[in-house]
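The basis for the numbers below is simple: all heavy atoms, side chains too, and nothing from hydrogens, waters or symmetry mates.
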Amino acid sequence: MYKMSPLQHTAAHSIPPHTLTRLAREWLAEDTPNFDPAGVCVGSQEVEAKLLCKTPHSILAGSPFFTAVFTEVGCTVDWIYQEGAEIGPDAVTLTALVRGPARCLLLGERPALNCLARASGIAARCSQLKAMATAGGWHGEVAGTRKTTPGFRLAEKYAMLVGGVSMHRQDLSGMVMLKDNHVWASGSITEAVRSARSVCAFSSKIEVECRSAEEGREAAGAGADIVMLDNFQPQELHVAACSLKVEFPTLLIEASGGITPENLALYFSPHVDVISLGCITQGCPVVDFSLKIQKPDAQ
C-alpha cells in the first residue's frame with residue numbers, strides 16, 4: 001500500500017481534498033466532454049493495469065492528483081513507490097497498480113498520466129537544482145516562478161515542493177511583485193511601492209524588480225522587503241548584492257533572469273537569498289510513464 005515519508009506526507013496534505021476533486025473532474029471533463037465510443041469495446045469488466053516508469057532516476061511527484069483522477073472514475077491505486085522517491089535504476093520500473101472497470105480505467109488514463117509525467121519532470125529538475133545548491137554550500141533558496149501552464153499551476157507548484165525548492169508566490173493575490181511595467185506605469189519605484197503598500201499594508205511582502213543597484217537602493221529605501229536583481233551577469237550580481245546588503249542588512253535579495261541549470265552555480269553568493277528560474281516549468285522534460293492493462297492469462 002501507498003505510504004509517504006513525513007516530508008512528502010506534509011506536502012500532499014497541503015492540498016485540500018475538494019481541490020483535488022475539482023481538478024480531477026475538470027481534467028476528465030476536458031478529455032471526455034460527452035460520449036466515449038471506445039468504452040463500448042472494453043466494457044466494465046474488472047481489470048488491473050501496471051503503471052510503468054520508463055525514465056530511470058526520476059522523482060515521483062503528483063501521486064495525489066493521479067489517485068484523485070482514478071478515484072473519480074471508480075478505480076483504486078496501490079502505490080509501490082512513495083511520493084518524492086527516486087524511481088529506478090531499471091529502464092522500466094513498476095510504480096503502481098491500478099484496478100477497476102476497464103472503460104473507467106481508460107477514461108482516467110490520459111489525464112492521470114499527463115499530470116504525473118509533468119509533475120515528476122518538474123520535481124526531478126528541482127531535485128537536481130537543490131542538490132547543486134547543497135553541493136555549493138549556498139545558504140539560500142532555489143525558487144520557481146509564475147511561468148506555469150494555464151490550469152495546471154497548482155500541480156506544478158506542488159511538484160516544486162516535492163522536488164525540494166520554493167514555490168515562490170502562487171499568484172497576483174499573494175506577495176506583491178512590482179515589475180518594470182508597474183514602475184513605468186506608476187512613474188517611479190518609490191510611487192509604485194507606496195501605492196502597493198497602501199493596499200496590502202502589513203500582511204504582504206513587496207518585491208521590486210530592479211535593473212541596477214541604484215534601483216535596488218531606491219526600492220529598499222521606499223520600503224520594499226525584497227529586491228530582485230534581474231538579468232545581471234554573475235559578477236555584477238555579486239557586487240550589487242553585497243553593496244545593498246551592507247546598506248540594508250535585513251533586505252532579501254533575489255537573483256533572476258537568464259539563470260539555467262548550467263550556470264546556476266555562478267550565481268551562488270552569501271549576499272543572495274533567493275535564485276528563481278523559469279526553466280523549472282518552462283521547457284522542462286517530462287517523465288515517461290505508461291499504463292498497461294494486463295491480459296487475463298497474465299493475471
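Under a hydrophobic-cluster definition in which Ile, Leu, Val, Met, Phe, Trp and Tyr are linked whenever side-chain heavy atoms come within less than 4.5 Å, directly or via other members, Leu266 and Val165 are assigned to the same cluster. Residues Met167 and Ile259 share a single hydrophobic cluster, defined by chaining ILVMFWY side chains whose heavy atoms lie under 4.5 Å apart. A chain of hydrophobic side-chain contacts below 4.5 Å, direct or via other Ile, Leu, Val, Met, Phe, Trp or Tyr residues, connects Val142 to Leu161. Under the 4.5 Å side-chain heavy-atom criterion for ILVMFWY residues, a single connected hydrophobic cluster contains both Leu252 and Met175. In this structure, Val274 is not a member of the same hydrophobic cluster as Leu229, with clusters built from ILVMFWY side-chain heavy atoms closer than 4.5 Å.
For the atom pair CG (Leu277) and OG1 (Thr145), the distance works out to 8.5 Å, reported to the nearest 0.5 Å. Here the OG atom belonging to Ser63 is positioned 14.0 Å from the OH atom belonging to Tyr81, to the nearest 0.5 angstrom. Here the CD1-CD1 distance, from Ile80 to Ile87, works out to 10.5 Å after rounding to the nearest 0.5 Å. Distance CZ/Arg197 to OG/Ser204: 8.0 Å, rounded to 0.5 Å. For the atom pair SG (Cys115) and CG (Leu23), the distance works out to 8.0 Å, reported to the nearest 0.5 Å. For the atom pair Phe66 CZ and Thr95 OG1, the distance stands at 9.0 Å (nearest 0.5 Å).
Side-chain polar atoms of Asn114 and Arg118 form no donor-acceptor pair below 3.5 angstrom. Using modelled atom types, one finds a donor on one side chain and an acceptor on the other under 3.5 Å when comparing Thr190 with Glu218. Between the side chains of Ser44 and Arg103, at least one donor N or O sits under 3.5 Å from an acceptor N or O.
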**Prompt:** Are Asp171 and Lys157 close enough, and set up right, to give a salt bridge (Lys or Arg N to Asp or Glu O under 4.0 Å), and what steps lead you there?
**Reply:** CA-CA 11 Å; Asp171 47 51; Lys157 290 286 190 177; over 6 Å; no
**Asked** Should Arg99 and Asp78 be marked as a salt bridge (Lys or Arg N to Asp or Glu O under 4.0 Å) after you check the CA-CA gap, both sets of side-chain angles, and the distance that decides it?
**Response** CA-CA 9 Å; Arg99 300 180 181 90; Asp78 290 325; 2.5 Å; yes
**Residue pair Glu254, His168: steps toward the side-chain hydrogen bond (donor to acceptor under 3.5 Å, both in side chains) verdict** = CA-CA 11 Å; Glu254 176 179 343; His168 213 292; 3.0 Å; yes
**Request:** Show your reasoning for whether salt bridge (Lys or Arg N to Asp or Glu O under 4.0 Å) applies to Arg153 and Glu156.
**Result:** CA-CA 5 Å; Arg153 178 174 295 175; Glu156 292 177 348; over 6 Å; no
**Message:** Using side-chain hydrogen bond (donor to acceptor under 3.5 Å, both in side chains), reason through Thr67 and Trp79 one step at a time and then give a plain yes or no.
**Reply:** CA-CA 9 Å; Thr67 299; Trp79 290 95; 3.0 Å; yes
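Across Gly223 and Val193, no two heavy atoms sit closer than the pair C-CG1, 4.2 Å. When all heavy atoms of Asn263 and Gly258 are compared, the closest pair comes out as ND2-O, 3.1 Å. In plain terms, the two heavy atoms of Ser276 and Gly144 that are nearest each other are CB-O, 3.7 Å. Shortest non-hydrogen contact noted between Ser243 and Arg217 is OG-NH2, 3.6 Å. In this structure, Gly121 and Val287 approach most closely via the heavy-atom pair N-CG2, 3.6 Å.
Summarising the local packing, CD of Gln45 is surrounded by more than 12 heavy atoms from other residues, nucleotides or ligands at distances under 6.0 Å.
Contact of the Leu97 side chain with the Val77 side chain is not registered, since no non-hydrogen atoms from C-beta on lie closer than 4.5 Å. Val272 has its side chain out of reach of Tyr267: every pair of non-hydrogen atoms, C-beta onward, lies at least 4.5 Å apart. By the 4.5 Å heavy-atom criterion applied to side chains, Cys126 and Ile280 are counted as neighbours. Residues Pro89 and Pro56 form no side-chain contact, since every pair of their non-hydrogen atoms from C-beta on lies 4.5 Å or further apart. Within the 4.5 Å cutoff, the side chain of Phe152 has no heavy atoms near those of the Thr281 side chain. Here the side chains of Met228 and Met177 are in contact, with some heavy-atom distance below 4.5 Å. A 4.5 Å side-chain heavy-atom check between Leu178 and Glu207 finds every atom pair outside the cut-off. Contact of the Leu116 side chain with the Leu51 side chain is registered, since non-hydrogen atoms from C-beta on lie closer than 4.5 Å.
Without hydrogens or angle criteria, Lys245 side chain to Leu251 main chain gives a donor-acceptor distance under 3.5 Å. Formation of a donor-acceptor pair under 3.5 Å by the Glu236 side chain with backbone atoms of Gln233 is found in this model. Checked by atom type and distance alone, the side chain of Asp31 never pairs as donor or acceptor with a backbone atom of Leu28 at under 3.5 Å. Under the 3.5 Å distance criterion, the side-chain polar atoms of Ser58 are matched with a main-chain donor or acceptor of Thr55.
Lys54 and Asp90 are not joined by a salt bridge, as no carboxylate oxygen comes within less than 4.0 angstrom of a charged side-chain nitrogen.
The six-membered or imidazole ring of Phe65 lies near that of Tyr158, with a centre-to-centre distance under 6.0 Å.
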